[in-house]
Amino acid sequence: MDLNTVYSPKEVENEIYDFWIKEKIFKAEIKEGVTPYTIVMPPPNVTGSLHLGHAYNSTIQDIMIRFKKMNGFESLWLPGVDHAGIATQIMVENDIMKENLTKEKLGREEFLKRVWDWKEKYGDRIVNQQKRLGIYADWDRHRFTMDSNYQKAVIKAFVKLYNDNLIYKGEYMINWCPVCKTALSDLEVEHIEEKTKLYFIKYPFKNDDGGIIVATTRPETMLGDTAVAVNPNDERYKNLIGKILILPLVGREIPLISDSEVDMEFGTGAVKITPGHDPLDFEIGERNNLQKINILTHDGYINENGGIYKGLSRQEAREKIIKDLNEKGFLVEIKDYFHTIGIHDRCNTPIEPIISKQWFIKMKPLAEEGLKVVREGKVKIIPEKWEKVYENWLTNIKDWCISRQIWWGHRIPVYYCKNCNKMFASENEVTKCPDCGGSVERDPDVLDTWFSSGLWPFATLGWPNETEDLKYFYPTSLLVTAYDILFFWVARMIMFGMYFMKKEPFKHVYIHGLIRDEKGRKMSKTLGNVIDPIEVIDEYGADATRFTFSQLSTLGGQDINLSLVIIKFSRNFMNKIWNSGRFVINFLKDFDKSKKIDLKFKKEDIWILSRLSKVSQLANELIDSYEFGEISNILYEFYWHEFCDWYIELSKLRDDETNKYVLFTVFINSLKLLHPFIPFITEKLYKLTLPDERTILNTDYPKGEDFIFDGKVIEEFEIFMNINKIIRNLKSILNLPLKKKAKVFIDFDEEFLLNWKNKIEFLSFCEITNKKVEDLKNLTEVYKGAKIYLFVEKDYPIEERIDNIKREIENLEKENEILNKRLGNIEFVSKAPVEIIEETKKKKDENEERIKILLIHLKELL
RNA sequence: GGGCGAAUGGCUCAGCGGUAGAGCACUUGCUUCACAAGCAAGGGGUCACAGGUUCGAUUCCUGUUUCGCCCACCA
């Protein structure tokens, strides 16, 4: 067979993926009596493009899906995309700006049409990128959170919550984005530290001289101040409580009140109260019946309540107010100050707390169920540390603001009668009031995107209809996600799953880390350190990319600092697999796989089969416990440094059917073991080896008990390997080329030598003599009782060797001193486990034996 | 303010109650008939610091330092 010596992933990957799609290998079916294994894919944003985080996330899911499929489960991996309300709307708004259009100019209907056009244009991009990774997803079941069925699910969910009194509308302080002009949930606000100023402003008394000095980072909000508050226990102000102050620049009379929430230590201990624009002030205002004045327009400018400052931006107002305060003598001091401000996570605009009428979900009852199901272990979060974080968040949860003043999304199914003012939710679009028949108006707001994503595990399977899919595939088996959306998404899916389905949405949640650049920084466009996974795949291949992720995936779910260099390692491994495949296929070309063979195992056959058995057993255990990094390394080590380095090499000495059978068995089963991690190259080689077979995915994942196991032979083979290493090392000391034959004598068990002599001669390029050659110089080594002599006919530079031996003897003696001390310690001998004591003794004896030999050898050299 | 995580060879990271592992990089020798993206051999680490528990600590506990993250209404 003519196969290139350098593996080129691109052709193979395209060919193999086309084959999988054409043959509908990934199609999941409802199969009576077969246990399903279901994963719903975290839906990327419909307009997004694949980043390394997605690639990592998908790799883990794909490993599990393929592994379970090969273990006899009916694997369903359900893919899809999210409409991503605000994110998408921002993109489209930016796009129409090129035509000098705004969404207001277009109107709601026309704008939404543009968004759908945009979705049509870019919606496939991410799917095509995912396919490059080779993922086993049932594309026929692809879902979009704005599909008409999905819309039905969202409306159904809202109406049920509404009718169960878990959704309410009310006027509360919420996070407002002045650029997106919408309310946001607490989660969508990111907190960043900012260097700013702390301004000290004097508020004079109405009827007395003097006044109170307050400290604030946001002087512009004073336009909305309706009180100043101090702590009731603050001796400095105790007697002044109740006095009336004059609000500078505005002239409003405001009282000095007391509230225990006020921190005496901060600033002057007196705080200005702006109930309209600060959450704490809002509460204090509620407690003290203060007026709440809104001073901002929806796009963040000062409104008519700001008097002469009307029309200024927040920043302009701040500057002008400080200037005016200073001129009029109210500004006492300005200090540098660090504090955190909230910004919108989608557009980075500083958010503004304002009072607004919005829709909320009562979270307490939902959270209780969400907590219960995790506490009871029905949902297991891996690694466990995230359970505490989850618990903590749900325990302190506040009501969730779900209404958004944008257009792209699921419109709230609440109607208002213009005639009798009735407010009601309805699953069907209505035009007339059910009570009075008057005409109705639908609420203009749409729902938070995460409301619809929260329904993902069951809405994608057909809910609210009782579909066969839903019955068979729900609850799903596993959810894989990074920790950054634990609250946004995972917690809400669990709560909604319990509420609507009365059953947990998934049994395991595997939380992994984020992909960062090699310096540990987040990948971002502004930093310019973004690595495009498609470029990585183009250069190194999907298998190498996947193997890298798998190898770096540790159980702790640590973030991964990815440098491109390490993908090379995986690429080299793929190349090794490819070339070993070429060798095996060629070696087996006259081998009839179907023929019964009279097996006559040699030691190395039993060794490699035993190792295959062990590795198969480990693979099953470790994949089931999500230890991908560990098993990746084990498979790498086994394939390259055991199968290729030793078994394949030894095969070159042989020409018998047993060898070919073993070579075939180990090769094919290694491909199966590796398939979930590196699906393309393994499928390709499988089909090249067995042209009549359809796909490796229809085979069973290897189990430990599929192969013979003999631990004694493994030990014996280890001695064999080490003797080879010693001979090679001795040759290397002499600077002898590996292939130059050397004369060697091995003083060891005769039966062992009988078995391995010609193999050592072959692998280490030497000639093993029957007895020690006394008249020649030699280099000597000891391993587990075996003494190995390498004879040297010519003189060679021995000084270095002598130094080395001396140094080694010294080290060994030092070590034995420690070991002797330990063994002489009564506490150690009485308390340490027997194995450890035995090991220590053995180590000591070995060292002594080694010293003895080295001393003799040293004498010979001197 | 609360919580979490990290600190291991030049770099990227595993690991673990019995004196340290991988890949890359480095040094030396190889046109070995699968593979130079390879083969063989090798050098390199007081496992951040200080205490404690233990026969024994890089590993467990406490504290410190540095870095990173999450949550939180201190103006």
Side-chain angles (χ1 to χ4, degrees), chain A residues 3 5-7 173 186 191 198-199 214-218 221 229 261-263 265-268 270-274 278-284 337 339-340 342 353 385-386 388-389 392-393 396 483-484 486-487 513-514 516 518 520-522 540 544 551-552 554-563 565-566 568-587 629-630 633 636-637 644-645 648-649 652 724-725 728-733 735-740 763-765 815 818-819 822 825-833 835-837 839-840 843:
Chain A
L3 299 172
T5 63
V6 173
Y7 175 57
M173 178 144 289
D186 295 341
H191 298 274
L198 187 61
Y199 302 92
V214 300
T216 180
T217 53
R218 301 199 52 201
T221 62
E261 287 290 306
V262 178
D263 181 358
E265 308 294 317
F266 188 87
T268 59
V271 57
K272 62 193 244 357
I273 301 296
T274 321
D278 181 277
L280 178 62
D281 293 5
F282 177 82
E283 279 173 32
I284 294 176
Y337 187 65
H339 81 148
T340 52
K385 66 179 175 191
W386 293 109
K388 271 192 284 180
V389 180
N392 186 45
W393 188 70
N396 300 306
Y483 57 77
D484 57 344
L486 179 61
F487 305 143
L514 305 174
R516 300 172 178 281
E518 71 250 285
R521 299 172 305 181
K522 245 184 191 154
Y540 299 102
Q551 206 201 11
L552 291 174
T554 57
L555 199 57
Q558 234 32 66
D559 284 354
I560 292 175
N561 298 344
L562 190 78
S563 70
V565 184
I566 89 179
K568 260 192 205 166
F569 158 72
S570 299
R571 191 265 321 254
N572 293 356
F573 183 35
M574 298 311 120
N575 202 47
K576 185 74 181 181
I577 293 173
W578 181 251
N579 278 301
S580 57
R582 287 172 56 225
F583 174 84
V584 171
I585 290 164
N586 191 45
F587 203 80
E630 180 79 8
N633 286 329
Y636 155 80
E637 187 69 28
C644 288
D645 284 358
I648 287 185
E649 289 306 318
K652 293 175 183 171
N724 277 290
K725 283 179 189 174
R728 292 168 185 175
N729 174 242
L730 293 176
K731 287 172 77 174
S732 165
I733 287 170
N735 267 339
L736 282 177
L738 181 69
K739 66 171 190 171
K740 178 144 171 111
L763 290 183
S764 297
F765 295 91
E815 199 183 325
I818 296 169
L819 293 178
R822 197 176 297 169
N825 185 339
I826 297 169
E827 300 247 45
F828 174 73
V829 181
S830 60
K831 285 184 186 166
E835 311 91 79
I836 296 297
I837 298 171
E839 240 171 71
T840 312
K843 179 89 184 140

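It should be emphasised that the depicted structure is a prediction, and the values quoted were computed from it without experimental measurement. Just so it is clear: chains get the letters A, B, ... in the order the sequence lines come, proteins before strands, and each one is counted from 1.
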Looking at every strand, decide which applies to [X] at a 4.0 Å heavy-atom threshold: base, sugar-phosphate, or nothing.
| X | result |
| --- | --- |
| A/Pro833 | base |
| A/Val829 | nothing |
| A/Ile818 | base |
| A/Glu815 | base |

Expressed in angstrom and rounded to an integer, what is the separation of [X] atom [atom1] from [N] atom [atom2]?
| X | N | atom1 | atom2 | value |
| --- | --- | --- | --- | --- |
| A/Asn572 | B/rC35 | CG | C1' | 11 Å |
| A/Asn396 | B/rC73 | CG | C1' | 14 Å |
| A/Phe587 | B/rC35 | CZ | P | 14 Å |
| A/Ile648 | B/rG38 | CD1 | C1' | 13 Å |
| A/Tyr483 | B/rG68 | OH | P | 13 Å |
| A/Lys731 | B/rA41 | NZ | P | 11 Å |
| A/Leu763 | B/rA41 | CG | P | 11 Å |
| A/Asp263 | B/rC73 | CG | P | 16 Å |

What nucleotide among [options] has an atom nearest to a side-chain atom of [X]?
| X | options | result |
| --- | --- | --- |
| A/Phe487 | B/rU12, B/rC71, B/rG18 | B/rC71 |
| A/Glu649 | B/rG18, B/rC73, B/rA34 | B/rA34 |
| A/Asn825 | B/rC55, B/rC73, B/rG23 | B/rC55 |
| A/Asn729 | B/rA14, B/rG42, B/rC4 | B/rG42 |
| A/Gln558 | B/rG18, B/rG5, B/rC73 | B/rG5 |
| A/Glu261 | B/rA34, B/rC73, B/rC13 | B/rC73 |
| A/Lys385 | B/rC35, B/rG5, B/rC55 | B/rG5 |
| A/Asp645 | B/rA40, B/rC73, B/rC69 | B/rA40 |
| A/Phe569 | B/rG23, B/rA75, B/rU19 | B/rG23 |
| A/Pro279 | B/rG5, B/rC73, B/rA37 | B/rC73 |

Work out how far the [atom1] atom of [N] is from that of [M], and round it to whole angstrom.
| N | M | atom1 | answer |
| --- | --- | --- | --- |
| B/rG51 | B/rA57 | C1' | 13 Å |
| B/rC47 | B/rU31 | C1' | 42 Å |
| B/rA40 | B/rG5 | P | 41 Å |
| B/rA7 | B/rC60 | P | 11 Å |
| B/rG23 | B/rG29 | C1' | 22 Å |
| B/rC24 | B/rC33 | C1' | 30 Å |
| B/rC61 | B/rG17 | C1' | 13 Å |

Below 4.0 angstrom from OP1 or OP2 of [N], is there any side-chain N or O of [X]?
| X | N | answer |
| --- | --- | --- |
| A/Asn579 | B/rA37 | no |
| A/His339 | B/rA75 | yes |
| A/Tyr337 | B/rA75 | yes |
| A/Lys843 | B/rU19 | no |
| A/Asn575 | B/rG38 | no |
| A/Ser580 | B/rC35 | no |
| A/Lys652 | B/rA34 | yes |

task: Please state whether the rings of A/His339 and A/Tyr337 are parallel, tilted or perpendicular, taking 30° and 60° as the class boundaries.
output: tilted
- prompt: Side chain of A/Arg728, base of B/rA41: donor and acceptor closer than 3.5 Å?
  reply: no
message: Tell me if the side-chain of A/Lys576 makes a donor-acceptor pair with the base of B/rC35, cut-off 3.5 Å, by modelled atom types.
response: yes
message: If you apply the rule side chain to side chain donor-acceptor pair (under 3.5 Å), what do you find for A/Lys731 with A/Ser764, and how did you get there?
response: CA-CA 9 Å; A/Lys731 287 172 77 174; A/Ser764 297; over 6 Å; no
task: Using Watson-Crick or G-U wobble geometry with both distances below 3.5 Å, tell me the partner of B/rC16, or none.
output: none
statement: Using Watson-Crick geometry (N1-N3 plus N6-O4 or O6-N4) or G-U wobble (N1-O2, O6-N3), each under 3.5 Å, B/rG38 is paired with B/rC30
- prompt: Closest nucleotide of RNA chain B for A/Asp186 versus for A/Asp278: which of these residues is on the 5' side?
  reply: A/Asp186
query: On RNA chain B, nearest-nucleotide positions of A/Thr217 versus A/Phe573: which is more 5'?
result: A/Phe573
message: Whether A/Lys576 engages the ring of A/Tyr636 as a cation-pi pair (distance to the six-membered ring centre under 6.0 angstrom, angle to the ring normal within 45°) should be assessed.
response: no
- request: Please check if atom NZ in A/Lys385 has more than 12 non-hydrogen atoms from other residues, nucleotides or ligands closer than 6.0 Å.
  value: yes
